[in-house]
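Scroll down for the structure; my scribbles are underneath it.
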Number of protein chains: 2
Amino acid sequence: MTNTTLKLLAQQLQLSISTVSRALKDHPDISASTKAKVNALAQSLDYEPNAYAIQLRTQNSKILGVIVPAISNLFYDSFIAAVEEESRNNGYALMILQSSHNPENELDNLKIFRQNRVSGVFACLSSSSENLEVYKRMNEREIPVVFFDIVPKDNHFTKVRMADERCAIMAAEKIIKRNAKKVLALFGDEALSITQKRKSAFQKFMQDFAPKIHCSIAHASSSKEAEAITKKFAGKIQKPDTVFCMTDEILIGVMKAIQELEIKVPSEIGVISISNGFIPNLYYPHISYVETSGHELGKLAFIQMLANIKGGKTLTELTVDAKYVEGGSM
Amino acid sequence: MTNTTLKLLAQQLQLSISTVSRALKDHPDISASTKAKVNALAQSLDYEPNAYAIQLRTQNSKILGVIVPAISNLFYDSFIAAVEEESRNNGYALMILQSSHNPENELDNLKIFRQNRVSGVFACLSSSSENLEVYKRMNEREIPVVFFDIVPKDNHFTKVRMADERCAIMAAEKIIKRNAKKVLALFGDEALSITQKRKSAFQKFMQDFAPKIHCSIAHASSSKEAEAITKKFAGKIQKPDTVFCMTDEILIGVMKAIQELEIKVPSEIGVISISNGFIPNLYYPHISYVETSGHELGKLAFIQMLANIKGGKTLTELTVDAKYVEGGSM
DNA sequence: TTTAAAGTCGCAAACGTTTGCGAGAATTTT
DNA sequence: AAAATTCTCGCAAACGTTTGCGACTTTAAA
């Protein structure tokens, strides 16, 4: 069965295509009676406007692209979910592609987006040292780009991200309040700007407000690494009494080590992390965490996107605030 | 800056649009020298074919739609990730929408898909009692539909799903081997066919091969419910010595209760679940589980989709097999 | 040298919409 | 009753491709 088109409707009704088109969108030029007829027939033949023809004609695709490192991720999936929700409510559809942390894939994805003339793209950088040339060209073509989470340092882009410094500082505060003597602070991939921000804010705060606390900094880019590092530190003479985890991934590794070594939380060791809350609440006692909501970030990103699409350029860097959620691990 | 089109290229090269078009796709009619020139200019003006024009002309969108109840879900996100990967490798782009378990949203989503003339849709039913009329009409329009995970009973559709019965039976086998006396089996939403399949297979197997084991069946549609039920049963005189969890969600609730009540696993209680493995490995000891891989299912679904698109109708129900993964909880 | 066959390329229609403009019919105003 | 409005509606071009067909030019065969 072939799709019903305006032409088909026009033929059956002995009207012109333009009249049918206008009738369907309630144009004042058309009389109420013809509108009724047109709508009735359209209904019964279940006419669906061809999005491609519309987009070709109007040069407006009503499709937004999203690039994430991985869909299968506790943070990004909630981000995506939020963006999807907002998009649908605003008449946009989403095209989601994953870069798999591979810049080459990222380029492929952008190409697909360009070919599909998306109205805008949400992008999360897949790698640390990124060539931003492509994104600049997107902007030249007037395709707004909203970076989220892992954003470029460059100031020529619209960016939304968590208040990374605040997150790290809030965690540091709690650690100090806990009267920690020796803390192990685990951060993610050193090359990522998000890591740098969190780390430097954390270090500076600890330095400034509790210089006497001994702080071991380490980096882990996977759960396994985090687990290994934790075990190593737990084997030392001076075991850490508090551990800070920058991401869920790290927390998972840390907890594996802690559980295996049967270290008691929080009596023998305190644990605090930055997370959206899902993973921390899986453990017992619940892990205390500074909340970063992918959902909130998604909503914010969408607002920015809309502003960019409608109001021309608005280059700003917005952050969504964090809050501390008490578990039982500190 | 306006997008570069074939027309633009043609003008600059003093060629016809058709020649440019053919040159770019390496058509034998065009001489090597002109091809070279065309490609060079296309390159420098970074020409990107307009997907909408192509789709309008060729009536082939190269876009696949995916409907999931929720993106933010440990099973579905890995399914999506797999489908996305396969799709990109085969020149398809993905449009992902979530129904939020709401049939109304599902209809909206399908409408978007139809308007975008997707080449096919992967669908996971959002609700138990579903009106399949829409899907039938999609098939009439020759838009292949591949159902996954939560599939209709109707035999007029292509379906892929986990080997639900096998999963449940494998779990039952392990429970019997463990020499359980009293087991608590927790299943999900009773109306879902996936629940029914797993439950009836589980019950029948237990009945047939270990009728003496006392089996309490309960349903929970959230972690909270599962937690409450577990606590209730743990408070009885005859505590269960083994608990079976049909989903991750249930497992999480069960483990909350177990941890809170400080019940020892596996000495006081054995735990087994059906999962993709992520959640079970978070606990210590790791929870033993029957593996259902969203990733595998995604790949299978894509194969089926391709077969449907290319080879016309192939209505079958395929299942991906399961395997048991030993944790330390049994 | 003529004829046939390749080798190159352009014309034009089509895909399904939207929209400025103009035209005829019905209505209202002088 | 003529003139000015207002209602309805159709014409036709445009969006950027693809593709069958025909035409011209060059090369190979007779």
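The structure presented is a predicted model; accordingly, all values stated were derived computationally and were not measured. Convention: sequence-line order gives letters A, B, ...; per-chain numbering from 1. Values reported hereafter were calculated over all heavy atoms of this structure, with side chains retained and with hydrogens, waters and symmetry mates removed.
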>> Taking the six-membered ring of Tyr92(B) as reference, does the cationic atom of Lys62(B) (NZ for Lys, CZ for Arg) lie under 6.0 Å from its centre and within 45° of its axis?
In response: yes

> On DNA chain C, nearest-nucleotide positions of Thr58(A) versus Gln14(B): which is more 5'?
Replying inline: Gln14(B)

> Within this structure, what is the CD-to-C1' distance between Gln59(B) and dC15(C), rounded to whole angstrom?
Replying inline: 6 Å

> Could you state the CD1-C1' distance from Ile17(A) to dC15(C), rounded to the nearest angstrom?
Replying inline: 12 Å

> Quick one: is Lys7(A) getting a side-chain N or O under 4.0 Å of the dA14(C) phosphate, OP1 or OP2?
Replying inline: no

> Distance only, no hydrogens: is a donor on one side chain within 3.5 Å (strictly under) of an acceptor on the other, for Thr158(A) and Asn308(A)?
Replying inline: yes

>> Please tell me if Ser16(B) has a side-chain N or O lying less than 4.0 Å from either OP1 or OP2 of dG10(C).
In response: yes

> To the nearest Å, how far apart are His27(A) NE2 and dT17(C) P?
Replying inline: 17 Å

> Between Glu48(B) (CD) and dG16(D) (C1'), how many Å, whole number?
Replying inline: 14 Å

> With a non-hydrogen cut-off below 4.0 angstrom, is Ser18(B) in contact with a base, only sugar-phosphate, or nothing?
Replying inline: base

> Please give, in whole Å, the distance from dC15(D) P to Leu6(A) CG?
Replying inline: 19 Å

> What nucleotide among dT8(C), dC9(D), dG16(C) has an atom nearest to a side-chain atom of Ser31(B)?
Replying inline: dT8(C)

> Ile30(B) has an atom CD1; how far is it from atom P of dT19(D), in whole Å?
Replying inline: 13 Å

> To the nearest Å, how far apart are Lys25(B) NZ and dG16(D) P?
Replying inline: 16 Å

> Quick one: Asn50(A) CG to dG16(C) C1', roughly how many Å, whole number?
Replying inline: 6 Å

> Charged N to carboxylate O below 4.0 Å: is that the case for Arg88(A) and Glu84(A)?
Replying inline: yes

>> Under 3.5 Å, is there a donor on one side chain and an acceptor on the other for Tyr135(A) and Glu106(A)?
In response: yes

> Looking at the side chain of Thr5(A), which of dG16(C), dT19(C), dT17(D) is the nearest nucleotide?
Replying inline: dG16(C)

> To the side chain of Thr19(A), which of dG10(C), dT17(C), dG10(D) is closest?
Replying inline: dG10(D)

> Can you find a donor-acceptor N/O pair under 3.5 angstrom joining the side chain of Arg22(B) to the base of dG7(C)?
Replying inline: no

> Given dC9(D), dG10(C), dG16(D), which nucleotide is nearest the side-chain atoms of Thr34(A)?
Replying inline: dC9(D)

> Using 4.0 Å as the upper bound for N to carboxylate O, is an ion pair formed by Glu317(B) and Arg161(B)?
Replying inline: yes

> Between Asp29(B) and Arg117(B), which is nearer to the 5' end of DNA chain C once each is assigned its nearest nucleotide?
Replying inline: Asp29(B)

>> Categorize Ser21(B) for me: base, sugar-phosphate, or nothing, with a 4.0 angstrom heavy-atom threshold over every strand shown.
In response: base

